[in-house]
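Read through the structure below, which is laid out as structure tokens, and then see the notes.
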Protein chains: 2
Amino acid sequence: MISDLLPGAGAGARPARGVPDATVARLPTYHEALGRLFDGRVEVVSSTALAEAAGVSPSQLRKDLSCLGTYGTRGVGYDVARLQRQIATRIGAASEWPVVIVGVGHLGTALANYAGFAPRGFRVVALVDPSPVLVGTTVTGLVVSDLTELEEVVRNTGAVIAVLATPAGAAQAVADRLVHQGVTSILNFASTALVVPEGVNVRKVDLGAELAILAFHEQRKVEEV
Amino acid sequence: MISDLLPGAGAGARPARGVPDATVARLPTYHEALGRLFDGRVEVVSSTALAEAAGVSPSQLRKDLSCLGTYGTRGVGYDVARLQRQIATRIGAASEWPVVIVGVGHLGTALANYAGFAPRGFRVVALVDPSPVLVGTTVTGLVVSDLTELEEVVRNTGAVIAVLATPAGAAQAVADRLVHQGVTSILNFASTALVVPEGVNVRKVDLGAELAILAFHEQRKVEEV
DNA sequence: TAGTGTGAATGCCTTCACAGCT
DNA sequence: AGCTGTGAAGGCATTCACACTA
């Protein structure tokens, strides 16, 4: 939606080789839709069909894909396998990215268990939390490390992507330490605007805000009567 | 970000009394920032200060607030309490919205426990899942209902907002049933584009896609060398 | 004929710059 | 003097329409 409009915004992101931000944000959706709909059985797909599966307009899909170079055949459609490979390479789903999760509360635990990461090339390699109750326990086969060892954990795993699922108050301090250790991409679930240096990408996911946006529309419906 | 742009976009949303979608998406952030920074002690805030706390530009903040009518004083700033009240009313945070969560896996459980909903006027009033193992158990003080009773649950609670934390395959069917019972706002965590009638708002939160967008930028950094 | 690729046009959002209050 | 409110300008993103190709 909106997208974006969307909330969940990038910071410090440079214009990126001619691919507009809005397009980048949709590529994962296309990739996912391709995998979900056409597991080896369909060989060609039209822009109309794929667009519907991804929830966008056909012309938008075509324009987006044209940014990656052209992988369709006029009069026919797109070669599914080839297109999927191409998008995968571009969004890095072909590689495997180690990810560190900081904050092992309810949300952090859910993310550690989230099945949608693995097929997209992400592997959760470490969990970090300050709570003595949690440190040392095992979650999804990973031992929770103490927050004081954050630097060591990041160094050992070589992670450049981190997920922040801490309370809002702790987020900035943790982010600073992550960036200092070489993390350059942060997915932030805390409801704070993080300040990071140029070149570090942050995406914010504010679950409360998402619901609030829906409530706004509901509120408007109420007022209309 | 991209916000919005962004994935997570509204569907069926009408132009809304002159308030643009992009502004609506930021209002909850302003509301949250006001609450976090100024708990009763500061009476006036400038657009510059609030904008920094919310992670936007001062001019954007001013333009956004001007959509709500004018609650600032030239040469002085915004009356914190008054502004907060005004935004709260507009986004419906002054009311209390009952919310039904469908899908009580790791994510659904985390959402049921999420502390960020209550202060924004949301109360989780029901949990629904098809699994015989879960039905009847208690999560955060709520007994999990069977998916077959979905219609009854929605009717009894009077919820118009629902959260979908089901697998992708089940999402559309559940959405259809929710809409049929009068739900008009859906927060969708399943990685599927939902088809809903005019007048129903859907916001999609795709956690895997969020990470994938970050991976795209990392991939680009790698290729640059 | 069917469906991609893409300039052109439209519309939306953001940024700028300054007029207007206090 | 300081800071909001807002028209105007500029930049993106989306949509349209059609040339082009298999």
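First the proteins, then the strands, lettered A, B, ... as listed; each starts at 1.
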Checking all strands, does A/Ser57 fall into the base, sugar-phosphate, or nothing category for heavy-atom contacts under 4.0 angstrom? sugar-phosphate
Specify the separation, in whole Å, of atom [atom1] of [X] and atom [atom2] of [N].
{"X": "B/Leu61", "N": "D/dT4", "atom1": "CG", "atom2": "P", "value": "8 Å"}
{"X": "B/Asp21", "N": "C/dG11", "atom1": "CG", "atom2": "C1'", "value": "13 Å"}
{"X": "A/Lys63", "N": "C/dG7", "atom1": "NZ", "atom2": "P", "value": "8 Å"}
{"X": "A/Asp64", "N": "C/dT4", "atom1": "CG", "atom2": "P", "value": "14 Å"}
{"X": "A/Tyr71", "N": "D/dT21", "atom1": "OH", "atom2": "P", "value": "19 Å"}
{"X": "A/Leu65", "N": "D/dT14", "atom1": "CG", "atom2": "C1'", "value": "15 Å"}

Review item, nucleotides 18-20 of chain C N/O atoms under 3.5 Å of protein N/O:
residue	atom	partner	partner atom	Å
C/dG20	O4'	B/Arg74	NH1	3.3
C/dG20	N3	B/Arg74	NH1	3.3

Do the side chains of A/Tyr71 and A/Gln84 get nearer than 4.5 Å, heavy atoms only? no
Do the non-hydrogen side-chain atoms of B/Ser59 and B/Lys63 ever get within less than 4.5 Å of each other? no
Does A/Phe38 have any ring-ring contact (aromatic ring centres under 6.0 Å, His included) partners at least two apart in sequence or in another chain, and if so, which? none
Output side-chain donor-acceptor pairs under 3.5 Å for residues 160-176 of chain A, partner residues at least two apart or in another chain, one line each.
residue	atom	partner	partner atom	Å
A/Gln172	OE1	A/Val195	N	2.9
A/Gln172	NE2	A/Asp176	OD1	2.8
A/Gln172	NE2	A/Val195	O	3.0

A/Ser185: what forms a side chain to side chain donor-acceptor pair (under 3.5 Å) with it, not counting sequence neighbours? B/Glu218
Before giving the answer on side chain to side chain contact (heavy atoms under 4.5 Å, CB included), spell out for B/Gln86 and B/Arg90 the whole-Å C-alpha distance, their side-chain angles and the decisive distance to 0.1 Å. CA-CA 6 Å; B/Gln86 177 62 11; B/Arg90 273 310 190 83; 4.2 Å; yes
Where along residues 77-86 of chain B does a heavy atom come under 4.0 Å from DNA chain D, residue by residue in number order? B/Gly77, B/Tyr78
Would you say [N] has OP1 or OP2 under 4.0 Å from some side-chain N or O of [X]?
{"X": "A/Gln60", "N": "D/dA13", "value": "no"}
{"X": "A/Thr73", "N": "C/dT4", "value": "no"}
{"X": "A/Ser47", "N": "C/dT4", "value": "yes"}

Mind listing the closest non-hydrogen atom pair of B/Ser191 and B/Lys204 along with its distance? CA-CE, 4.2 Å
Short side-chain to backbone donor-acceptor contact, B/Trp97 and A/Leu211, under 3.5 Å: no
With sequence neighbours excluded, tell me which residues meet side-chain contact (heavy atoms from CB on, under 4.5 Å) with B/Glu151. B/Arg155, B/Arg177, B/Gln181
Tell me which of A/Ser59 and A/Val76 sits closer to the 5' end of DNA chain D, going by the nucleotide each one is nearest to. A/Ser59
